[in-house]
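Input: a single structure, listed below in structure tokens.
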Amino acid sequence: MSLTLPSDRDILVCIFQRGAADGLNALVPHADPDYYTQRSAIAVPAPGNPAGAIDVDGFYGLHPALAPLKALYDAGDLALVHATGVPHGSRSHFSAQGLVERGVADKAGPDTGWLGRQLSITTPASSSAFRSVAISGNVPVSLNGASEPLAISNLGEFNFDQDIVDSGYPAVLSKLFQSPVPFSSPAQAALLAMDELQTANLQAITPGNGAVYPDSDLGNKLKQAGQLIQSSLPVETICLDSDGWDHHENLPVFIDQSLTELADALTAFYTDMGTQMQRITVLVHSEFGRRVAENASFGVDHGTGGLAYLLGGGVNGGQIISDWPGLAPANLEMGEDLRITTDLRAVLTELLDKRLGGTDMNTVFPGFAGPASANVFL
Amino acid sequence: MKKLSVNDLNTLLGSLHSRRNFMKLLGKMAGYPALTSTLGACGGGGGGGDGGVTGVTPAAVIPAASSEFTTLKRTSFGAHRDELAMIQSMGIDAYLERQLNPTQIDDGNLETTLQTLFPLTTQSPAQLISGFPDNIADVALQMISATQYRQMFSKRQLYEVMVEFWSDHFNIHLVNGLGPTLKPEDDRQVIRSHALGNFRDLLHASAKSPAMLFYLDNYANQAAAPNENYARELMELHTLGVDGGYTETDVKEVARCFTGWAIRFPGDPGGDYGTFVFNPAVHDDNAKLVLGNTISATGGQTGGEQVIDLLASHPSTANFIATKLCRRFISDTPDPLSVNAVTAAFTQSNGDIKTTLRALFATTAFRNSADLKICRPAEYLAGLVRALAPDTPYPTDNGQLFYFAQLIMGQLPYYWPTPDGYPDEQAYWASTGGLLNRWRLSFLSLANLIPEIDVIQLDYLSMLNGADTLAMITDAVTSSILMRPLSSADRGHVLAWLSDEYGLAENETLPSGTPQQVAPLIAAVLVSSAYFQLR
């Protein structure tokens, strides 16, 4: 099948938090007394205490490092989905990342990614090589199945000097990488992309509205995403990774660093994009959440339910979306994890349907019976 | 612990070394001499003729490489002229058997050279902690450089391939907390000591390696509330594989078995910093049940050792290791027949790595696997040096050329952040950005645009051996660098391009002194092609 999508659909920016980001210390259920029982040494203090959570609605509070996101939340552009995830039952980073990126709950599903399938059933707006881009050295599994997504870790260096072009080197490479020569497809896409980038002149695009991106890995990636969006390139989907969320030990110190990087980068992007946020949706999620109870090294081991962030003009923001399962031992998954009460695929289906112009849930999320919405978007 | 990113390391290195110039060169190549104008003065036919190459056939297939060539590429970091001659004269079996016994291969003065050039790689944790953290960048650079030098210059190539294999299998991110003080010893005592030894010994050594205990947090694993990180990855990544038959309960039980397996910190009694210590005070000494086997109470340290033995002997481990070896040496999707044969050899030899490799090398699939894999960046970079400058002496200072080349291509040794090691599949490496980075590197290097390239001595004159037409030069460079023929179509593409670029017919004689100016451009194209990147 092929869906022809409306031209005013959103640009999607997907940020995958690699390593299983903890949700409970990011969006703190401070009114759930079991939170403080289970995490007596590492909990974020309740609002009003030193280094306490920033209260959102009397039940949840943001980690202090996420303070910059409060304004986005209050502006109605940020929604947080708690106790979410894909119910795949795996606590292996590598298996779980694969399953979530494939959009399936068990390994019997297709090898392609959910974004790849969405892109493959929808009509491209142009013949540009920039339809889907990973700000990364490699193509993430979620984009598998799309027609040759680009993997570019540094847009500013994705080029040949004019003298090399003049020497005919790219032209002869194009000849030597004709199908069916191995990896001819990425080779041709790279050559095409270079031509397009040269025309687009991204170096001339500077952050708008006085935005200052943090000099961090995620900051640099989102800055490049911003340049792509501001350029004339018809980019539809951008994927990037945020690394280093595997906090088995000393969670309070390390999650503070990770959340600071996240909040500062997202805020800079939001400022940079300005009114363009009306046509952008940012999705932030991880492969699973972390264990409810702390271990003796002040960390948390692998768990189940986690937290997703949705940012954009089309987000029904200023709300926490969660059917809170509770942290009392009897309510926990396998007796120890936050239970998933909102299947992440419901959020993603709604995202594709309302903001990306439409989808076919059975193709993009095979085996998922719904619901097809989680009331995250306008 | 905080995991430093490559950016962080570059910041550290940037203050010490000449990164800026190199990066600038990779980003901008203002100094590129226009070859057309250089040659233009020498005459030949006037501008831009068709060069006599017409009617190029559209079929684009790569002629199969020989078994000897494929074997060489699979078991080394790139074909070297002398080794190709050796495997051709002694035969594949004898060549592999020789490589399986690396201590019997004379490696010249490589190791003593490395000790002089990169002394931090020989130091103990106690020595390295005295300079920590100021020495982080130097330790990292020396560890990376020593590894690259061995991959490029050692004659014990299969051994180095297996060192890389186990470094991925038991991956430890070097610049990770105290990692710089610990990983050098892990590299010597765990990986390099056992790379062609016995898997059980290797696994025991890794379990007690301070670098591993630190990287996967087991040093902080205590009975009161165990830290499961090492226990899980021990089964998922080091032995059984994720589908190897363990449960979440097994993860918890194994974590209990390893409570108290820790490392000594400065001032701790009984030994130096960075040595393994079993701490009974935080060990859970009650009975455990692991994969259906009881680990008795009051066993102390022996409980964890029993777990290691259990896992080393488990059928899932044999299958998991065999599958990974077949993926490394045969194809991304190895056939079950080969995997079964290698699994059986691993099992019957109780994890003897040489016996296991012999079974792999005897499979039909291995012999018929030409061009089924792409070179990873380490193979690509070392392969460039080995093919282009086979006689180059060890550079005493490579100006971080090799470091930045491999950084840019994305496979810096000891730099994969997560415990699964660098991917070993074409889909990961043959990305748009991955290919472009290889193209840029090879073009810049071979067109002599990176001053540091002087560290490898490119001898185009002897490579050309008197060739003085575009056709002869192309054939000479192809033979020397690719060591395999181009298809006639691809040879035609290259010649058509050269003829157009230089305004010369392919059989026209070039003016004296110019063939060695043309050769680098041809070399750059050839190493950018699939011919060179396949293995």
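The model shown is predicted, which means the values in this text are computed figures rather than measured ones. In what follows, every chain begins at residue 1, and chains take the letters A, B, ... in the order their sequences are listed.
Heavy atoms closer than 4.5 Å to chain B are found nowhere in A/A193, neither backbone nor side chain. In this structure, no portion of A/P140 lies under 4.5 Å from any heavy atom of chain B. At a 4.5 Å heavy-atom cutoff, B/W429 makes no contact with chain A through either its backbone or its side chain. Residue A/E294 touches chain B through its backbone alone, counting heavy-atom pairs closer than 4.5 Å. For a residue to count as touching a neighbouring chain, one of its non-hydrogen atoms must lie under 4.5 Å from one of that chain's; by this rule B/L498 does not touch chain A. For a residue to count as touching a neighbouring chain, one of its non-hydrogen atoms must lie under 4.5 Å from one of that chain's; by this rule B/V242 touches chain A with the side chain only. Using a 4.5 Å cut-off between heavy atoms, B/E236 touches chain A through its side chain atoms alone. Only the side chain of A/L173 comes within less than 4.5 Å of a heavy atom of chain B; its backbone N, CA, C and O stay farther away.
Of the possible polar contacts, one joining the A/E287 side chain to the A/G19 backbone as a donor-acceptor pair under 3.5 Å is found. Side chain of A/E333 to backbone of A/R339: no donor-acceptor contact under 3.5 angstrom is found.
No more than 12 heavy atoms of other residues, nucleotides or ligands shown are found within 6.0 angstrom of CZ on A/F298.
Contact tally against chain B (heavy-atom pairs below 4.5 Å) for A/N250, A/D301, A/L191, A/I152: the top residue is A/D301. Of the listed residues (B/Q222, B/E233, B/Q426, B/E228), the greatest number of heavy-atom pairs within a distance under 4.5 Å of chain A belongs to B/E228. If you tally non-hydrogen atom pairs under 4.5 Å between each of A/M194, A/R291, A/Q188, A/M334 and chain B, the highest count goes to A/R291.
Defined by atom type and a distance below 3.5 Å, a donor-acceptor pair is present between the side-chain atoms of B/N227 and A/S297.
Across every non-hydrogen atom of B/A65 and B/D371, the tightest pair is N-OD2, 4.2 Å.
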